[in-house]
Visitor: 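Handing you a structure now.
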Amino acid sequence: MSGLVLKLSPKERVLINGVVIENGDRRSRLAIMTPDANILRLRDAIHPEDAKTPVRRACFAMQLVLSGDKSPQDAHLPLLRQIEQLSQVFTDPDSRNVLAEATKGLVDGQHYRALKALRALLPREDRLLAARPN
């Protein structure tokens, strides 16, 4: 079987091509066969008012592509710039690998892969911001 396979928990919601779909009372699997479908797990979604930090803003921009609210072509260059800006702050080797993965996902048109990589930076960003003197 090819395509994206979504494994959904009970009552989990997912946005597919602008439609919110809620799973039933049991775990389930959905095979998405259309290659260019816009899909976003709502548990992964960052709300606009929560996109206040650099990593969260990059994740939010990426999820706009996944939800179909922004075209991949319009988002491509700004997202590359955001990732480049993040690389100025996250200079450790592990973070660099994460940013390289996000860049590769973006360049290859695999936006969920890029979002997944960027989300890995959220705990690091939280730690950096918590350690910041007021």
Side-chain angles (χ1 to χ4, degrees):
M1 176 187 338
S2 63
L4 175 67
V5 175
L6 293 176
K7 296 177 183 175
L8 301 174
S9 300
K11 300 294 182 187
E12 184 174 357
R13 292 179 178 181
V14 64
L15 180 74
I16 300 176
N17 288 342
V19 177
V20 175
I21 298 171
E22 182 175 272
N23 191 26
D25 293 330
R26 296 185 183 169
R27 296 182 60 81
S28 65
R29 285 173 42 140
L30 293 175
I32 309 298
M33 304 309 289
T34 305
D36 296 328
N38 296 313
I39 300 168
L40 177 65
R41 286 179 179 272
L42 293 182
R43 72 175 182 205
D44 293 337
I46 294 176
H47 295 276
E49 61 273 5
D50 295 332
K52 296 178 182 175
T53 65
V55 175
R56 281 181 171 73
R57 281 191 292 270
C59 288
F60 181 73
M62 194 69 70
Q63 85 181 27
L64 289 176
V65 174
L66 287 168
S67 68
D69 292 319
K70 191 156 196 165
S71 77
Q73 297 80 13
D74 291 343
H76 187 80
L77 192 55
L79 279 165
L80 281 176
R81 284 189 189 120
Q82 285 179 293
I83 293 171
E84 174 59 29
Q85 290 171 351
L86 291 173
S87 73
Q88 303 299 314
V89 175
F90 295 97
T91 57
D92 63 283
D94 190 44
S95 294
R96 290 292 181 141
N97 289 337
V98 169
L99 290 167
E101 180 71 17
T103 301
K104 182 162 176 32
L106 179 60
V107 169
D108 292 346
Q110 297 179 348
H111 298 96
Y112 187 76
R113 179 173 142 199
L115 176 61
K116 184 178 176 183
L118 287 173
R119 288 182 62 79
L121 292 176
L122 288 172
R124 296 170 199 193
E125 181 184 55
D126 290 342
R127 284 193 303 272
L128 283 173
L129 292 174
R132 175 178 72 171
N134 290 330

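Heavy atoms only: backbone and side chains are in, while hydrogens, waters and symmetry mates are out.
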Visitor: Any donor and acceptor pair, going by atom type alone, linking the side chain of Arg13 with main-chain N or O of Arg43 inside 3.5 Å?
Guide: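 Between the backbone of Arg43 and the side chain of Arg13 there is no qualifying donor-acceptor contact (under 3.5 Å).
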
Visitor: Go through the steps to decide whether Leu8 and Arg27 satisfy the test side chain to side chain contact (heavy atoms under 4.5 Å, CB included), and finish with yes or no.
Guide: CA-CA 6 Å; Leu8 301 174; Arg27 296 182 60 81; over 6 Å; no

Visitor: Between Arg56 and Asp50, does any side-chain N to carboxylate O distance fall below 4.0 Å?
Guide: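 Salt bridge flag = no for Asp50 with Arg56.
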
Visitor: Of the non-hydrogen atoms in Leu99 and Ser87, which two are nearest, and what is the gap between them?
Guide: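 In terms of heavy atoms, the two residues are closest at CD1-CA, 3.5 Å.
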
Visitor: Does Leu66 belong to the same Ile/Leu/Val/Met/Phe/Trp/Tyr cluster as Val5, with side-chain heavy atoms less than 4.5 Å apart forming each link?
Guide: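 Result: no, two separate clusters.
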
Visitor: When rounded to the nearest 0.5 angstrom, what is the spacing between CG in Leu40 and CD1 in Ile46?
Guide: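 So the CG of Leu40 and the CD1 of Ile46 are separated by 10.0 Å.
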
Visitor: Going by the rule side-chain hydrogen bond (donor to acceptor under 3.5 Å, both in side chains), which residues pair with Lys70 if we only count those two or more places apart in sequence or in a different chain?
Guide: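 With neighbours one apart ignored, the set is empty.
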
Visitor: Distance check, rounded to the nearest 0.5 Å: Ile83 atom CD1 versus Gln88 atom CD?
Guide: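 Result: 13.0 Å between the selected atoms.
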
Visitor: Would you give the length of the straight line joining atom CZ of Arg57 to atom CD of Gln85, rounded to the nearest 0.5 angstrom?
Guide: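 If we round to the nearest 0.5 Å, Arg57:CZ and Gln85:CD are 9.0 Å apart.
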
Visitor: Applying the side chain to side chain contact (heavy atoms under 4.5 Å, CB included) test to Ile16, which of Ile32, Asn38, Thr34 qualifies?
Guide: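 For Ile16, the side chain to side chain contact (heavy atoms under 4.5 Å, CB included) check succeeds only for Ile32.
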
Visitor: Under a plain distance cut-off of 3.5 Å, with no hydrogens placed, do Asn23 and Ser28 share a side-chain donor-acceptor pair?
Guide: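 Result is yes, a qualifying pair exists.
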
Visitor: Go through the steps to decide whether Leu6 and Arg29 satisfy the test side chain to side chain contact (heavy atoms under 4.5 Å, CB included), and finish with yes or no.
Guide: CA-CA 5 Å; Leu6 293 176; Arg29 285 173 42 140; over 6 Å; no

Visitor: Name all residues meeting the salt bridge (Lys or Arg N to Asp or Glu O under 4.0 Å) criterion together with Arg41; count only those two or more places apart in sequence or in a different chain, and write none if there are none.
Guide: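 If we apply the salt bridge (Lys or Arg N to Asp or Glu O under 4.0 Å) test to Arg41, skipping adjacent residues, the hits are Glu12.
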
Visitor: Test Val20 against Leu42 for side chain to side chain contact (heavy atoms under 4.5 Å, CB included), laying out the working first.
Guide: CA-CA 9 Å; Val20 175; Leu42 293 182; 3.8 Å; yes

Visitor: Would you please name every residue forming a side-chain hydrogen bond (donor to acceptor under 3.5 Å, both in side chains) with Asp74, sequence neighbours left out?
Guide: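 Testing Asp74 for side-chain hydrogen bond (donor to acceptor under 3.5 Å, both in side chains), a comparison that skips the adjacent residues, returns Ser71.
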
Visitor: Side chain to side chain contact (heavy atoms under 4.5 Å, CB included), that's the test. Do Val55 and Leu86 meet it? Break it down for me.
Guide: CA-CA 7 Å; Val55 175; Leu86 291 173; 3.7 Å; yes

Visitor: Distance check, rounded to the nearest 0.5 Å: Thr53 atom OG1 versus Leu129 atom CG?
Guide: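 These two atoms lie 6.5 Å from each other.
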
Visitor: Working to the nearest 0.5 Å, report the span between CZ of Arg119 and CE of Met62.
Guide: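 Going from CZ on Arg119 over to CE on Met62, the span is 12.5 Å.
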
Visitor: Among all residues two or more places apart in sequence or in another chain, which pass the side-chain contact (heavy atoms from CB on, under 4.5 Å) test with Arg124?
Guide: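 Residues passing side-chain contact (heavy atoms from CB on, under 4.5 Å) with Arg124: Phe90, Asp92, Asp94, Ser95, Val98, Leu121, Arg127.
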
Visitor: I need the Cys59 SG to Gln82 CD distance, nearest 0.5 Å.
Guide: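 So the gap between those two atoms works out to 9.5 Å.
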
Visitor: Is the closest side-chain heavy-atom distance between Ile39 and Leu15 below 4.5 Å?
Guide: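 They are not in contact (no side-chain heavy atoms under 4.5 Å apart), so the answer is no.
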
Visitor: Could you give the side-chain donor-acceptor pairs of residues 108-118 under 3.5 Å, partners two or more places apart or in another chain?
Guide:
residue: Asp108; atom: OD2; partner: Lys104; partner atom: NZ; Å: 2.8
residue: Gln110; atom: OE1; partner: Arg113; partner atom: NH1; Å: 2.5
residue: His111; atom: ND1; partner: Gly109; partner atom: O; Å: 3.3
residue: Tyr112; atom: OH; partner: Asp44; partner atom: OD2; Å: 3.1
residue: Arg113; atom: NE; partner: Glu101; partner atom: OE2; Å: 2.6
residue: Arg113; atom: NH2; partner: Glu101; partner atom: OE2; Å: 3.4

Visitor: What about Leu106 and Leu122, same hydrophobic cluster or not, with Ile/Leu/Val/Met/Phe/Trp/Tyr joined at side-chain heavy-atom distances under 4.5 Å?
Guide: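 Result: yes, single cluster for both.
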
Visitor: If you link ILVMFWY side chains whenever their heavy atoms are less than 4.5 Å apart, which other residues fall into the same cluster as Phe60? By chain and number, please.
Guide: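 Listed partners: Leu64.
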
